[in-house]
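Just so we're clear, the structure is a prediction, and the values are computed from it rather than from any experiment. By convention in this document, chain letters (A, B, ...) are assigned in the order of the sequence lines, proteins followed by strands, and residues within each chain are numbered from 1.
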Amino acid sequence: MRVERRSLEERVRLIVERLLEWYRDEPWWRREKAEPLRVMLSILLSNRSNRRVVRRVVAELLERYPRLEDMLGDPDGVRKALQPLGLAALRARAVLGLARLLAETGGVESFLGLPAEEARRRLLTIPGVGEKTADVLLMALWDADVFPVDTHIARIASRLGLVEPGARPEQVRRLLEPLIPRGLRARAHLAMIQLGREVCRPRRPRCSECPLRGLCSFPRGTEAG
DNA sequence: ATCCCGACTG
DNA sequence: CAGTCTGGAT
């Protein structure tokens with residue numbers, strides 16, 4: 001049992017090493033850290049939605065409501081602005097929940113000044129914000145050393161054989177988070193997301209272009225091209 | 001397990 | 001046209 005655990009740990013270490021060689025970008029939120037509201041909204045709305053549409057909608061929201069508190073008087077306008085994303089009613093609840101939270105806390109800067117634990121607790125009170133989204137927010141704005149697992153990462157972990165097929169994201173996170181070296185978790189998260197989008201796609205994975213070739217026994221996908 | 005729901009890709 | 005998009009709540 002001890003041997004198995006050590007080998008798993010070693011595999012994860014190698015995988016992360018390869019991933020970080022392959023993905024050298026700095027976290028996108030570092031460039032936008034001067035605009036925490038943009039970061040928050042982007043993360044809040046990123047679930048199950050197209051990135052370009054998210055960028056567009058977030059830009060529009062910020063232009064119309066430079067201070068999120070201004071949204072509170074215009075819930076209808078907020079919902080309308082969110083229409084292109086789909087799930088507009090749900091997302092409006094989340095965005096307005098964030099606006100309310102910031103207002104209650106005395107503005108963004110005060111909120112960002114909260115200890116991560118407290119911020120997390122409050123973020124989870126926002127309807128539509130669960131553990132995963134809360135962790136991504138903490139990772140981006142509090143430099144929390146966490147490893148949020150989404151559908152991409154769960155799929156990759158399963159294909160790598162790190163977890164059993166069909167494992168839930170939360171299970172995958174509990175297993176992998178402690179195995180990823182401290183300080184590398186945010187970048188490992190981003191690298192795996194990127195890998196999931198471009199290479200280890202849900203369908204027709206591009207195994208021949210994968211930086212994890214040799215560390216993975218997933219059946220070589222029938223790459224159409 | 002199922003629903004939420006629009007844009008975008010092949 | 002079907003599948004997918006950094007899930008969450010019921």
Side-chain angles (χ1 to χ4, degrees), chain A residues 16 19 22-23 25-32 38-61 78-98 101 120-142 144 146-160 163 165-174 176-177 180 184-206 209 221-225:
Chain A
V16 170
L19 275 173
W22 172 76
Y23 181 84
D25 293 354
E26 287 301 301
W28 60 269
W29 55 74
R30 198 159 291 180
R31 299 189 303 269
E32 301 180 10
R38 188 179 304 275
V39 176
M40 286 190 192
L41 288 174
S42 303
I43 292 171
L44 196 63
L45 298 174
S46 64
N47 301 351
R48 314 303 274 188
S49 24
N50 184 278
R51 294 177 71 208
R52 293 177 204 171
V53 187
V54 169
R55 263 204 303 278
R56 205 173 70 218
V57 165
V58 167
E60 189 183 339
L61 282 174
V78 172
R79 191 178 45 74
K80 199 171 166 188
L82 291 168
Q83 205 82 2
L85 275 175
L87 309 175
L90 290 172
R91 295 178 197 281
R93 243 174 278 161
V95 170
L96 288 164
L98 175 65
L101 188 55
R120 187 173 201 279
R121 190 162 26 243
R122 298 195 191 188
L123 286 168
L124 287 173
T125 68
I126 298 175
V129 173
E131 307 272 346
K132 184 261 175 179
T133 303
D135 277 345
V136 177
L137 286 163
L138 290 175
M139 181 172 69
L141 294 169
W142 278 262
V146 294
F147 182 70
V149 172
D150 69 322
T151 53
H152 284 303
I153 297 181
R155 177 180 66 255
I156 294 170
S158 166
R159 286 178 177 173
L160 283 167
V163 296
R168 304 281 301 271
E170 174 56 20
Q171 296 177 262
V172 179
R173 186 199 64 77
R174 276 205 300 274
L176 293 187
E177 187 173 78
I180 298 178
L184 300 181
R185 290 170 189 165
R187 292 185 56 219
H189 165 91
L190 292 171
M192 286 190 91
I193 300 294
Q194 181 84 355
L195 189 76
R197 278 200 195 104
E198 298 184 351
V199 181
C200 197
R201 306 179 297 181
R203 312 179 65 213
R204 298 194 303 117
R206 298 169 167 164
E209 301 172 19
T222 59
E223 189 179 347

With heavy atoms under 4.0 Å as the rule, sort [X] into base, sugar-phosphate or nothing.
{"X": "Ser49(A)", "answer": "base"}
{"X": "Arg56(A)", "answer": "sugar-phosphate"}
{"X": "Leu190(A)", "answer": "base"}
{"X": "Val54(A)", "answer": "nothing"}
{"X": "Arg197(A)", "answer": "base"}

Open item on the list: When you measure from the side chain of Arg185(A) to the backbone of Ile180(A), do you find a donor-acceptor pair of N or O atoms at a distance under 3.5 Å?
Closed with: yes

Task: Backbone N/O of Gln171(A) and side chain of Arg168(A): donor-acceptor pair under 3.5 Å - done: no

So, is [X] near the phosphate of [N], with a side-chain N or O under 4.0 Å from OP1 or OP2?
{"X": "Arg48(A)", "N": "dC3(B)", "value": "no"}
{"X": "Ser46(A)", "N": "dC5(C)", "value": "no"}
{"X": "Arg203(A)", "N": "dG3(C)", "value": "no"}
{"X": "His152(A)", "N": "dC5(C)", "value": "yes"}

Open item on the list: Between P on dG7(C) and CG on Leu137(A), what's the gap in Å once rounded to a whole number?
Closed with: 14 Å

Open item on the list: Closest approach to the side chain of Arg155(A), judged atom by atom: which nucleotide of dT9(B), dC5(C), dG7(C) is it?
Closed with: dC5(C)

- [ ] Name the residue closer to the 5' end of DNA chain C, choosing between Leu124(A) and Gly196(A) according to the nucleotide with the nearest heavy atom.
- [x] Gly196(A)

Open item on the list: Between Val129(A) and Arg51(A), which residue's closest nucleotide on DNA chain C lies nearer the 5′ terminus?
Closed with: Arg51(A)

Open item on the list: Just verifying a value: how many Å separate Arg187(A) CZ and Gln194(A) CD, rounded to the nearest 0.5 Å?
Closed with: 12.5 Å

Open item on the list: What's the gap between dG6(B) and dT10(C) when it is taken at their C1' atoms, as a whole Å value?
Closed with: 22 Å

Task: Inter-nucleotide P distance (dT2(B), dT6(C)), Å rounded - done: 24 Å

Task: Heavy atoms from other residues, nucleotides or ligands near CZ of Arg197(A) exceed 12 (cutoff 6.0 Å) - done: yes

